[in-house]
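Notes follow the structure.
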Amino acid sequence: MQSSNPVLTRRLDAPVVLDPRARVTLDGVAGRTLALIAVTVLAAAVSWNLLRTPAWTGLAALGSTLATLVLVLVITIKQITNPLIISGYAVLQGVFLGVVSRELEQQFPGIVIQAVIGTFGVFLAMAALYRARILRASRRFAQVITGALLGILLLSLLDLVLRFFGGSLPIYRAGTLGVVFAVICVIVGALTFVLDFDQVERAVAGGLPPRYGWYLAFGMLVGLIFLYWQIIRLLSYLRR
């Protein structure tokens, strides 16, 4: 079964399981996704409250960023379904979310809750559109969204490198250009959920083993976190 999710882009080479009790289910994926979200939120809350000095904030942000990048690549390439490793990604991403969100909250009070509400609001809206079959993950749709997402990620990495030398890309600064690009990123992030839902639907229909529920939940978590960052960045630009 070939995945159309940008995170789940490798083939899931698992045999079809005939026993309905030994196959991935929609409820199983939903439960694992909620568990990973809970781990991420807990780690974010701990880092928000404990890592308060500038030195610890900077170290936590840099370290968790590099570690999560490595884990995303390893989990995706190796098709890891181990819940401990995937939960490790959630913890590290939570640390990064906590320290950066706290800094943004101090600059723009109320921005974090707005971004959280916006993220889950978009997620539920996309789920409703997919369930109503208004949006479908056609091959062309998957190619366009995957290409757009990869382009955004490459631009983000380039901007990160430039910031080490005191610069940044204009599309990652407050202003008209930054707002327009942020809106595009939010739209792309929202549409990736169509690929996620399609992946889960096909995994359930294909009878994959239950352990792949963790892999699918990992992809869902990556999409939620990506969307959160795009929304909070957009809100920060609008409030400057």
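One is the number of the first residue; the rest follow in order along the sequence.
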>> When you compare the side chain of Tyr130 with that of Glu201, does any pair of heavy atoms fall below 4.5 Å?
In response: yes
> At their closest point, which heavy atom of Met126 faces which heavy atom of Leu135, and how far apart are they?
Replying inline: CE-CD1, 3.4 Å
> Which value, rounded to the nearest 0.5 Å, describes the distance between Gln93 atom CD and Leu36 atom CG?
Replying inline: 12.0 Å
>> Ring-plane angle category for Trp229 and Phe96, please: parallel below 30°, perpendicular beyond 60°, tilted otherwise.
In response: tilted
> Under 6.0 Å between ring centres, would you say that holds for Phe197 and Phe123?
Replying inline: yes
> Hey, does the side chain of Thr76 reach the backbone of Leu73 with a donor-acceptor pair shorter than 3.5 angstrom?
Replying inline: no
> Linking I/L/V/M/F/W/Y whenever any side-chain heavy atoms sit under 4.5 Å apart, do Leu162 and Ile171 land together?
Replying inline: yes
> Which value, rounded to the nearest 0.5 Å, describes the distance between Ile187 atom CD1 and Leu227 atom CG?
Replying inline: 11.0 Å
> Nearest heavy-atom pair of Ala137 and Leu195: which atoms, and what distance?
Replying inline: CB-CD2, 3.9 Å
> Do Thr33 and Leu221 come within less than 4.5 Å of each other through their side chains, counting heavy atoms only?
Replying inline: no
> Do Tyr228 and Phe120 touch side chain to side chain, with heavy atoms closer than 4.5 Å?
Replying inline: no
> Rounded to the nearest 0.5 Å, how far apart are CG of Leu149 and OG1 of Thr192?
Replying inline: 6.5 Å
>> Which heavy atom of Tyr215 sits nearest to which heavy atom of Ile75, and what is that distance?
In response: CE1-O, 3.5 Å
> Could you state the interatomic distance from CD1 (Ile225) to OG1 (Thr40), rounded to the nearest 0.5 Å?
Replying inline: 5.0 Å
>> Could you walk me through whether Phe193 and Met220 satisfy the side-chain contact (heavy atoms from CB on, under 4.5 Å) test, starting with their C-alpha distance in whole Å, then the side-chain angles of each, then the deciding distance to 0.1 Å, before giving a yes or no?
In response: CA-CA 8 Å; Phe193 288 121; Met220 202 74 70; 4.3 Å; yes
>> Between Arg32 (side chain only) and Pro83 (backbone N and O only), is there a donor and an acceptor less than 3.5 Å apart?
In response: no
> Which pair of non-hydrogen atoms, one from Asp159 and one from Leu169, has the smallest distance, and what is that distance?
Replying inline: OD1-N, 2.8 Å
>> Is there a path of hydrophobic side-chain contacts, each under 4.5 Å between heavy atoms, that joins Val91 and Val46?
In response: no
>> Check for me, please, whether Leu84 and Leu71 land in the same ILVMFWY cluster - side-chain distances under 4.5 Å, paths through other members count.
In response: no
> Are Glu105 and Arg102 close enough that some pair of their side-chain heavy atoms sits under 4.5 Å apart?
Replying inline: no
> Are Ile232 and Leu238 co-members of a hydrophobic cluster defined by side-chain heavy atoms under 4.5 Å apart?
Replying inline: yes
> When rounded to the nearest 0.5 angstrom, what distance separates CG in Leu191 from CD1 in Ile145?
Replying inline: 4.5 Å
> So, do Phe181 and Leu155 sit near enough that their side-chain heavy atoms are less than 4.5 Å apart?
Replying inline: yes
>> Between Asp198 and Phe141, is there a side-chain heavy-atom distance shorter than 4.5 Å?
In response: no
>> Tell me whether Leu34 shares a hydrophobic cluster with Val41, the cluster being built from Ile, Leu, Val, Met, Phe, Trp, Tyr side chains joined at under 4.5 Å.
In response: no
> Passes side-chain contact (heavy atoms from CB on, under 4.5 Å), Gln107 versus Ser236? Steps please.
Replying inline: CA-CA 9 Å; Gln107 296 180 54; Ser236 70; over 6 Å; no
> Taking side chain as C-beta onward, heavy atoms only, is Tyr89 less than 4.5 Å from Val72?
Replying inline: yes
>> If I take atom CG from residue Leu97 and atom CH2 from residue Trp48, how far apart are they, to the nearest 0.5 angstrom?
In response: 10.5 Å
>> Please give me the minimum heavy-atom distance between Gly213 and Val29, naming the atom from each residue.
In response: CA-CG2, 4.1 Å
>> Counting only heavy atoms not in Arg133 (residues, nucleotides, ligands), do more than 12 fall under 6.0 Å from its CZ?
In response: yes
>> Can you confirm whether Phe218 sits close enough to Thr81 that some side-chain heavy atom of one is under 4.5 Å from a side-chain heavy atom of the other?
In response: no
> So, for Gln230 and Cys185, which heavy atoms are closest and what is the spacing to 0.1 Å?
Replying inline: OE1-CB, 3.3 Å
